[in-house]
Every structure is written in C-alpha cells, then in structure tokens.
Amino acid sequence: MDTPQPTVDLTALDLPTLVQWYIDLRNYKSELKRSIEPAIAQTDDKMEAIEKEFHKRLLQSGGTSVKTDKGTISRVQKTKYLLTDSFAFRQWLVANAEIGSQLVSGITQGEVKAYLESGGQLPDGLTVDNFFDISVRRT
C-alpha cells in the first residue's frame, strides 16, 4: 500500500473519496503497527535485560546511582497501590464514608498516597507494592 500524500486539498474531494481515503489510512496505520510490533518486543526484551544488569551492578556497588560520561543510572524505589479485592474496598468506602470521600476517584495513586501520608491506614482491598525501578538519563 502506498503512503497517502498529506498535502492534498481536502475540500476538492467528494465525501466517498474522503471516506475511502480515511479507511485506507486507518488500515495502513494498523499494518504499520503490526509490522513494527516484533521489533518493539525485541527492543523491550533487550532493554529489560540491560535494566537487570544495571540492578545487579548497583547492588554490587552498594550505591543507588552511577554517573558515566554517557548518562546517569539510578535505582529508584517506587510504590504502587493495587486493588486486590474490589468488594472489600467498596465495603471499606461505605463503612468509612467520611474518610472514603478523601479518595475522590477511588484508588488513584496520588490520592491513596496523600491519604496514607496524612495518617490514614491502608484501606481494605488494597495492597502496597514497593519495588525498585531503573532510571537512565542522558548527560
């Protein structure tokens, strides 16, 4: 399929032609995505392997970051709040309506973090996942 030219005067085209062109573009876009998915998966796998090596080397060095002339690698602790039991969480919201109202959108990461930092206890149905992530920044 040929790449459509973006510099066409759209006002000069009739509606059926525009509809067909749009459908062709949508199909072309889907084909592009499908064709690149294997390359993206391979790249993700390679990046994950390198991140594991970064973790290993940072643990061996006892540090949390290393600066090189190409960039800085940092091992950053992150926290996620995960819904593990939606029924228990809904029951907690009902039983703690005055507190639950602070969690306006339910379980957004920021709202749960703010609630816990203000002295609240982890609501029923939620768990905490603490993990380390690698951050790589160019110099």
Side-chain angles (χ1 to χ4, degrees):
M1 179 181 282
D2 293 325
T3 304
Q5 299 299 317
T7 56
V8 173
D9 178 11
L10 299 177
T11 61
L13 300 174
D14 63 12
L15 199 52
T17 301
L18 286 173
V19 169
Q20 185 60 53
W21 191 19
Y22 185 88
I23 291 169
D24 290 346
L25 285 170
R26 184 175 58 202
N27 292 339
Y28 178 71
K29 182 178 172 182
S30 293
E31 288 173 24
L32 282 175
K33 284 181 179 180
R34 271 193 305 279
S35 72
I36 199 168
E37 283 174 359
I40 290 174
Q42 288 176 350
T43 301
D44 286 344
D45 290 345
K46 290 174 186 175
M47 290 174 70
E48 187 177 319
I50 293 170
E51 288 175 5
K52 286 180 182 177
E53 184 63 21
F54 288 156
H55 272 292
K56 183 176 117 186
R57 292 188 189 192
L58 286 169
L59 285 172
Q60 288 172 346
S61 72
T64 58
S65 67
V66 174
K67 186 174 184 173
T68 73
D69 62 336
K70 302 292 183 190
T72 302
I73 307 158
S74 300
R75 187 171 173 256
V76 182
Q77 183 171 2
K78 293 191 174 183
T79 301
K80 281 192 178 180
Y81 305 99
L82 306 170
L83 179 64
T84 55
D85 185 339
S86 59
F87 181 73
F89 181 66
R90 282 193 303 273
Q91 284 185 317
W92 182 89
L93 285 173
V94 170
N96 298 281
E98 71 287 348
I99 298 168
S101 66
Q102 295 175 32
L103 303 177
V104 178
S105 300
I107 57 165
T108 65
Q109 299 296 308
E111 289 174 333
V112 174
K113 180 180 178 186
Y115 171 69
L116 294 174
E117 287 175 349
S118 70
Q121 298 295 316
L122 186 67
D124 295 340
L126 298 185
T127 59
V128 178
D129 181 20
N130 291 311
F131 60 97
F132 288 98
D133 198 17
I134 290 293
S135 172
V136 180
R137 301 207 185 268
R138 285 187 272 203
T139 303

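Here the structure is a predicted model, which means the values were calculated and not measured.
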Exercise for review: Could you tell me whether a side-chain N or O of Thr84 sits under 3.5 Å from a main-chain N or O of Gly125, the two making a donor and an acceptor?
Suggested key: yes
Exercise for review: Measure the shortest side-chain to side-chain distance between Asp69 and Thr139 over non-hydrogen atoms and say whether it is less than 4.5 angstrom.
Suggested key: no
**Study point:** From CA spacing to verdict: side chain to side chain donor-acceptor pair (under 3.5 Å), Glu31, Asn27
**Key:** CA-CA 6 Å; Glu31 288 173 24; Asn27 292 339; over 6 Å; no
**Study point:** Flag, side chain of Ser30 to backbone of Arg26, donor-acceptor distance under 3.5 Å
**Key:** yes
Review point. Can you tell me how far CH2 of Trp21 sits from CG of Leu10, rounded to the nearest 0.5 angstrom?
Key: 5.0 Å
Point to revise | Closest approach of Gln77 to Asn130 (non-hydrogen atoms, all atoms of both residues) | key: NE2-CB, 3.8 Å
**Study point:** Under-4.0 Å salt bridge between Arg57 and Glu53
**Key:** yes
Check your understanding: Measuring from Ser74:OG to Lys67:NZ, what's the distance to the nearest 0.5 Å?
Key -> 10.5 Å
**Study point:** same_hphob_cluster(Leu13, Leu25) at 4.5 Å side-chain heavy-atom cutoff
**Key:** yes
Exercise for review: Flag the pair Thr108 / Val112 as yes when at least one side-chain heavy-atom distance between them is below 4.5 Å, and no otherwise.
Suggested key: no
Review point. For Ile36, does the CD1 atom have more than 12 heavy-atom neighbours from other residues, nucleotides or ligands under 6.0 Å away?
Key: no
Practice item. Would you check if Leu58 and Ile73 make a side-chain contact, meaning some heavy-atom pair closer than 4.5 Å? Key: yes
Practice item. Working to the nearest 0.5 Å, report the span between CD1 of Ile50 and NE2 of His55. Key: 13.0 Å
Point to revise | Heavy atoms from other residues, nucleotides or ligands near CZ of Phe131 exceed 12 (cutoff 6.0 Å) | key: yes
Point to revise | Within-4.5 Å side-chain heavy-atom neighbours: Tyr81 and Lys113 | key: yes
Exercise for review: Indicate yes or no: does Asp129 engage Lys80 in a salt bridge with an N to O separation below 4.0 Å.
Suggested key: no
Check your understanding: Does a sphere of radius 6.0 Å around CZ in Phe132 hold more than 12 heavy atoms from other residues, nucleotides or ligands, not counting ones at 6.0 Å or beyond?
Key -> yes
Review point. Is Phe54 reachable from Val76 through a run of hydrophobic residues whose side-chain heavy atoms are each under 4.5 Å from the next?
Key: no
Point to revise | Considering all heavy atoms, the nearest Asp133-Lys78 contact | key: OD2-NZ, 3.2 Å
Check your understanding: Hey, is CD on Gln121 packed in by over 12 heavy atoms from elsewhere, all under 6.0 Å?
Key -> no
Exercise for review: Starting at CG of Asp24, measure out to NZ of Lys29 and round the result to the nearest 0.5 Å.
Suggested key: 14.5 Å
**Study point:** Within one Ile-Leu-Val-Met-Phe-Trp-Tyr cluster: Val128 and Leu83, side-chain cutoff 4.5 Å
**Key:** yes
Practice item. Measure the CG-CZ distance between Leu32 and Arg34 for me, rounded to the nearest 0.5 Å. Key: 9.5 Å
Review point. Does Val66 reach the side chain of Thr72, with side-chain heavy atoms less than 4.5 Å apart?
Key: no
Check your understanding: If you round to the nearest 0.5 Å, how far is CE of Met47 from CD of Glu51?
Key -> 6.0 Å
Exercise for review: Walk me through it: do Thr17 and Gln20 pass the test side chain to side chain donor-acceptor pair (under 3.5 Å)?
Suggested key: CA-CA 5 Å; Thr17 301; Gln20 185 60 53; over 6 Å; no
Revision key, fill the gap. Heavy-atom closest pair (Leu126 atom, Leu122 atom, distance to 0.1 Å) is O-CD2, 3.3 Å
